Amino acid sequence: MPDLSTEAPAATGALASASVVPPATSTESLSPGRPGYRRMSFALFAAGVAAFALLYSTQALLPAITADLGVTAGAASWTVSAATGALALFVLPLSALSERFGRRTLMTLSLTVAVVVGLLVPLAPNLEWLIALRAVQGAALAGLPASAMAYLAEEVRPKALVGAIGLFVAGNSIGGMSGRVLAGWVSQLWGWRAGLAAIGLLALVCAVVFRVLLPKARNFRPGTLNPRALAKTVGGHLADPLLRRLYAIGALFMTVFGAVYTAIGFRLVEAPFNLPQGVIGSIFLVYLVGTVSSAAAGKLVARLGRRGALYLAVGTTAAGLLLSLSDSLGAVLLGLVLITAGFFAGHAVASSAVSRTAKTGRAQASALYQSAYYVGSSAGGTLGAVAFHAGGWGATATLGLLAVLGVVSVTLYGTHAARTERRALAAAGH
């Protein structure tokens, strides 16, 4: 793929007066050591915790939901896929609203609605209501990720952007881990409904912390909603070969992750492992590895370049998938560690490259990435569960390896295209 540090041509703005964000001056921008940076980091970290805890709240509980409601694993997996699919569908229109009403306002509204629905989810009388509420929750959360990326791109100094986004992604990993661990142990003691209620309360606390700490935007310029301009901006982003490759990479990485973590509970509850629900939930403590790898993404890019960092992430993920084929619990856990580290590093690198590449319509560029990312999550979750019950863990791991091969293919193609472009430019210079 082309060198991801190369900036893409500016796209046409989605909104009449807010399409171009002027570069922040040294006194306006946030960076490590400057006032407000720490508050911003903690606030978005809390938002990431709440979002991922809510979004994947049912994933660790799928075996319990399947048994209690008397449904198939494939049907129960829709409690995850409905949320991620709705997020993918609504992230673009809600990102457009953030251009008009502000990133901070939309993030607050999104978290508020998602938390309220999260407190209602445990009361769902059957699977159909549970899936419907989860879809509403996913749609509400759609206003958070792209708006957060755009907020960071506007408020943080460019040199600190990868690290700042890495911290936000680290919050995602903590949320994914804490939500699953909390739900697992509470579910073992009082049932899966109590587990979901506990996650709702955790998200409520995080939402309050987010609202109290997040600094007001200094560089946001509101605009008027313009559907034609929005369509033109989206078309411009989709026409950019680099952005298209980044979107594909995000979707493929998330396909692996969604498949693995949807099916892993079903595998561990069966022989030869036979683990109880609380212990299965604790398996998600490996998300701490994702916190480290995503936060370290900036250093990886500085040392290896963006393509090099992506190759490292891909290799780590593939090694983890192969290790997970073992019937040894230790090998499976190590495999999950490697899959998690590779995924979060790759996601942080790709998502930060999108924010850096898009000079205008940043919220839409990030929204398209998030749409692709969560389409991958929905597909991976459902296909992972179906593959597991059709062919066991080997089928799920094979699905993951095929997605990893897709990331390699996209990256190699981009590398070839970059070299061809450089040769053409050199020839034209002569």
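Please read these numbers as outputs of a predicted model, since none were measured by experiment. Just the heavy atoms: all of them, side chains too, but no hydrogens, waters or symmetry mates, feed the values below. In what follows, residues are counted from 1 in the order of the sequence shown.
Side-chain atoms of Gln59 do not come within 3.5 Å of backbone N or O of Gly381 as any donor-acceptor pair. At least one donor-acceptor pair under 3.5 Å links the side chain of Thr396 to the backbone N or O of Gly384. In this structure, Arg267 contributes its side chain and Phe388 its backbone to no donor-acceptor pair below 3.5 Å. Side chain of Ser57 to backbone of Leu54: a donor-acceptor contact under 3.5 angstrom is found. Judged by distance alone, with hydrogens and angles left aside, the side-chain atoms of Arg306 form no donor-acceptor pair with the main-chain N or O of Val301 at under 3.5 Å. When atom types are taken as modelled, the side chain of Thr262 and the backbone of Ala259 share no donor-acceptor pair closer than 3.5 angstrom. Remark: the backbone N or O of Ser282 is not paired with any side-chain donor or acceptor of Arg180 at under 3.5 angstrom. Of the possible polar contacts, one joining the Thr72 side chain to the Ala75 backbone as a donor-acceptor pair under 3.5 Å is found. Of the possible polar contacts, one joining the Ser352 side chain to the Val349 backbone as a donor-acceptor pair under 3.5 Å is found. With hydrogens and angles disregarded, a donor-acceptor distance shorter than 3.5 Å links the side chain of Gln137 to the backbone of Ala114.
Minimum interatomic distance between Val404 and Ala318 (heavy atoms only, all atoms of both residues): CG1-CB, 4.0 Å. The minimum heavy-atom distance between Ala207 and Val115, with the atom names listed, is CB-CG2, 4.2 Å. Contact detail for Leu285 and Met177: the closest heavy-atom pair is CA-CG, 3.5 Å. Nearest heavy atom pair, residue Val332 against residue Ser324, reads CG2-O, 3.8 Å. Considering all non-hydrogen atoms of both residues, Thr79 and Arg134 come closest at O-NE, 2.8 Å. Closest approach of Gly179 to Ile199, counting heavy atoms only: O-CD1, 3.3 Å.
Here the straight-line distance linking atom CG of Leu94 with atom CG of Leu141 works out to 10.5 Å at 0.5 Å rounding. Interatomic distance, OG of Ser98 versus CG of Leu109, reported as 12.0 Å (0.5 Å rounding). In this structure, CG on Leu402 lies 11.0 Å from CG on Leu383, to the nearest 0.5 angstrom. Interatomic distance, CG of Leu97 versus CZ of Phe90, reported as 11.5 Å (0.5 Å rounding). The distance from atom CG of Leu333 to atom CD1 of Ile283, rounded to the nearest 0.5 Å, is 4.5 Å. Separating the OG1 atom in Thr340 from the CG atom in Leu288 is a distance of 10.0 Å, to the nearest 0.5 Å.
You'll find the side chain of Arg38 stays beyond 4.5 Å of the side chain of Ser41, heavy atoms only. Residues Thr58 and Leu196 are in side-chain contact: their nearest non-hydrogen atoms beyond the backbone lie under 4.5 Å apart. Leu87 is not listed as a side-chain neighbour of Tyr373, based on a closest heavy-atom distance of 4.5 Å or more. Val269 has its side chain out of reach of Asn274: every pair of non-hydrogen atoms, C-beta onward, lies at least 4.5 Å apart. The side-chain heavy atoms of Thr411 and Tyr311, taken from C-beta on, include a pair separated by under 4.5 Å. Looking at heavy atoms from C-beta onward, Met40 lies in side-chain contact with Tyr151 at the 4.5 angstrom threshold.
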Working for side-chain contact (heavy atoms from CB on, under 4.5 Å), residues Ser378 and Thr84
CA-CA 6 Å; Ser378 295; Thr84 55; 2.6 Å; yes
For side chain to side chain donor-acceptor pair (under 3.5 Å), just list the numbers for Tyr56 and Ser377, CA-CA rounded to whole Å, side-chain angles, deciding distance to a tenth of an Å, and then say yes or no.
CA-CA 10 Å; Tyr56 292 100; Ser377 177; 2.8 Å; yes
Please report the C-alpha distance between Phe253 and Leu310 in whole Å, then the side-chain angles of each, then the deciding distance to 0.1 Å, and finally whether the side-chain contact (heavy atoms from CB on, under 4.5 Å) criterion is met.
CA-CA 11 Å; Phe253 262 124; Leu310 282 174; 4.2 Å; yes
Could you give me the CA-CA distance, side-chain angles and deciding distance for Leu323 and Ile339, then say whether side-chain contact (heavy atoms from CB on, under 4.5 Å) is met?
CA-CA 10 Å; Leu323 265 177; Ile339 292 167; over 6 Å; no
Walk me through whether Ser409 and Tyr413 qualify under side-chain contact (heavy atoms from CB on, under 4.5 Å).
CA-CA 6 Å; Ser409 300; Tyr413 175 80; over 6 Å; no
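For CH2 of Trp78, the number of neighbouring non-hydrogen atoms (other residues, nucleotides, ligands) closer than 6.0 Å is 12 at most. The 12-atom threshold is exceeded at CZ of Phe266, counting heavy atoms of other residues, nucleotides or ligands nearer than 6.0 Å.
Partners of Thr382 by side chain to side chain donor-acceptor pair (under 3.5 Å), not counting sequence neighbours, listed by chain and number: Ser81. Taking Tyr374 as the reference, nothing meets the ring-ring contact (aromatic ring centres under 6.0 Å, His included) condition, with sequence neighbours excluded.
The ring of Tyr261 has its center closer than 6.0 angstrom to the ring center of Phe284. Residues Phe344 and Phe257 place their aromatic rings such that the two centres sit under 6.0 Å apart.
Here Arg245 does not pair with Asp240 in a salt bridge; the nearest charged N to carboxylate O distance is not below 4.0 Å. Between Glu154 and Arg103 there is a salt bridge, since at least one side-chain N of the basic residue sits less than 4.0 Å from a carboxylate O of the acidic one.
Side-chain contact annotation: Ser371 with Tyr247, donor-acceptor N/O pair under 3.5 Å absent.
Ring pair His347/Phe343 is parallel by interplanar angle, where below 30° counts as parallel and above 60° as perpendicular.
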